[in-house]
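A quick write-up on the structure given underneath.
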There are 2 protein chains.
Amino acid sequence: MNRRNTPTKEAVLNLLMNSRKALSQDAIERQLDIEINRATIYRVLNRFCEDGIVHKIVAEDGKQYFAICKKCENPQEVIQPHFHFRCLSCDTIECLQVPVECSVPNGYEVQNANCVLTGTCNDCS
Amino acid sequence: MNRRNTPTKEAVLNLLMNSRKALSQDAIERQLDIEINRATIYRVLNRFCEDGIVHKIVAEDGKQYFAICKKCENPQEVIQPHFHFRCLSCDTIECLQVPVECSVPNGYEVQNANCVLTGTCNDCS
DNA sequence: GTATTATTGCAACTTATTCGCAATAAAATA
DNA sequence: TATTTTATTGCGAATAAGTTGCAATAATAC
């Protein structure tokens with residue numbers, strides 16, 4: 001299951017790298033110069049997730065958003081679960097540099113976290 | 001827009017009251033004794049949300065789950081944003097008594113929070 | 001008892017995501 | 001460089017969750 005380099009893969013990765021925000025499939029499709037099939041975009045994104053290059057956020061609208069896994073200070077470091085902010089006005093999602101800290105009852109084991117705050121961002125308020 | 005009491009409404013409310021967990025539409029439909037149309041269940045649930053009787057959680061699977069708004073200690077008190085736990089093993093969601101606390105950058109305004117941890121609950125681990 | 005209108009069921013629709021399959025094209029190999 | 005292998009792509013169809021329009025029904029008010 002070796003990964004191959006394709007124009008599609010590169011285009012999507014570049015877009016995500018240059019975006020400060022998490023993007024949905026349709027946003028990616030809209031912003032791309034080249035035309036890429038819907039299903040392909042999903043497959044590329046899911047592969048990125050498997051490889052730990054990208055993380056997925058599911059928002060209140062039930063849609064999936066994808067963002068590059070990096071910490072501003074130290075891009076190498078493994079990504080920590082963190083909060084996200086979804087602006088209802090400009091309909092974007094961005095990573096907040098706030099780690100999710102939540103103690104769970106005994107015997108519970110946390111594997112993942114999906115935390116999204118919604119409201120209005122600075123640009124829109 | 002006055003609300004009316006109907007068998008449907010009561011059945012759904014009773015189910016939610018007696019459940020320690022947040023339920024999805026299909027779970028509700030399955031657990032109900034009487035047969036209620038899918039669309040109707042959604043409409044009843046959304047009305048409950050409007051009335052502040054129930055709150056909605058969107059999980060990583062993109063599905064909506066509904067839970068009674070109450071605090072164990074003080075059922076009267078207005079509900080605070082809190083974390084939820086979704087067990088991947090028994091596919092249930094429950095409210096954790098842990099408030100969501102997350103400071104956002106200047107100029108950001110938070111209206112709502114949707115925070116779900118996933119993993120294995122005590123019963124399943 | 002009658003009138004008003006909130007609620008329901010049904011069917012159709014929308015939207016997001018996935019899947020099967022054949023065609024294409026990276027990368028490995030000869 | 002030519003050939004082989006198989007990951008990737010595009011297409012169309014399928015799935016699944018949730019919503020909506022509309023006519024019929026049934027709470028509630030009068």
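Reminder, nothing fancy here: chain letters follow the sequence lines and each chain counts from 1.
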Rounded (10°) bend between the five-pair end axes of the helix from C:dG1-D:dC30 to C:dA30-D:dT1: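 One end's axis against the other's: 30°.
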DNA chain C contacts made by residues 14-29 of chain B, counting heavy atoms under 4.0 Å: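 Per residue number, the list is empty: none.
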Non-neighbouring partners of B:E60 that pass salt bridge (Lys or Arg N to Asp or Glu O under 4.0 Å), sequence neighbours left out: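 Here no residue qualifies.
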Shortest non-hydrogen contact from B:C90 toward B:C121: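 Nearest heavy atoms, B:C90 then B:C121: SG-SG, 4.0 Å.
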Aromatic ring proximity, centroids under 6.0 angstrom, A:Y108 and B:F85: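 Judged by ring-centre distance (under 6.0 Å), B:F85 and A:Y108 do meet the cut-off.
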Distance-only donor-acceptor test (3.5 Å): side chain A:R4, base D:dT6: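 Such a pair is found, so the answer is yes.
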Check: B:R43 side chain, C:dG9 base, donor-acceptor under 3.5 Å: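 Pair found.
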Please report the distance, rounded to the nearest Å, between [atom1] in [X] and [atom2] in [N].
X     : N      : atom1 : atom2 : value
B:Y65 : D:dA16 : OH    : C1'   : 12 Å
B:L45 : D:dG18 : CG    : P     : 10 Å
B:E10 : C:dT7  : CD    : P     : 13 Å
B:R47 : D:dA27 : CZ    : C1'   : 12 Å
B:Q64 : C:dT15 : CD    : P     : 16 Å
A:K63 : D:dT19 : NZ    : C1'   : 16 Å
B:I36 : D:dT25 : CD1   : P     : 18 Å
A:N46 : D:dA7  : CG    : C1'   : 16 Å

B:H84 and B:H55 aromatic ring geometry - parallel, tilted or perpendicular at 30°/60° bounds: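 B:H55 and B:H84: tilted rings.
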Side chain of [X], backbone of [Y]: donor and acceptor closer than 3.5 Å?
X      : Y      : value
A:N114 : B:V116 : no
A:S24  : A:Y65  : no
B:S125 : A:G107 : yes

Closest-nucleotide ordering on DNA chain D, the 5'-leading residue of B:A39 and B:P7: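 The residue closer to the strand's 5' end, by nearest nucleotide, is B:A39.
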Sugar-phosphate, base or nothing in reach of A:T40, heavy atoms under 4.0 Å: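 The residue A:T40 makes base contact.
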Charged N-O contact under 4.0 Å between B:D26 and B:K63: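 A salt bridge is present here (some side-chain N lies under 4.0 Å from a carboxylate O).
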N-O pairing of B:D51 and B:R47 below 4.0 Å: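 Salt bridge absent between B:D51 and B:R47.
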Closest-nucleotide ordering on DNA chain C, the 5'-leading residue of A:D61 and A:N37: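 By nearest-heavy-atom nucleotide position, the 5'-most residue is A:D61.
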Toward the 5' end of DNA chain C, by each residue's nearest nucleotide, B:R38 or B:R3: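 Going by which nucleotide is closer to the 5' end, it is B:R3.
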C:dA27 OP1/OP2 closer than 4.0 Å to side-chain N/O of A:N5: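 For C:dA27, OP1/OP2 do have a side-chain N/O of A:N5 under 4.0 Å.
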Under 4.0 angstrom between A:T8 side-chain N/O and D:dT9 OP1 or OP2: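 Looking at the OP1 and OP2 atoms of D:dT9, one of them is under 4.0 Å from a side-chain N or O of A:T8.
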Over 12 non-hydrogen atoms of neighbours within 6.0 angstrom of CD in B:E109: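 Atom CD in B:E109 is not crowded, with 12 or fewer foreign heavy atoms closer than 6.0 Å.
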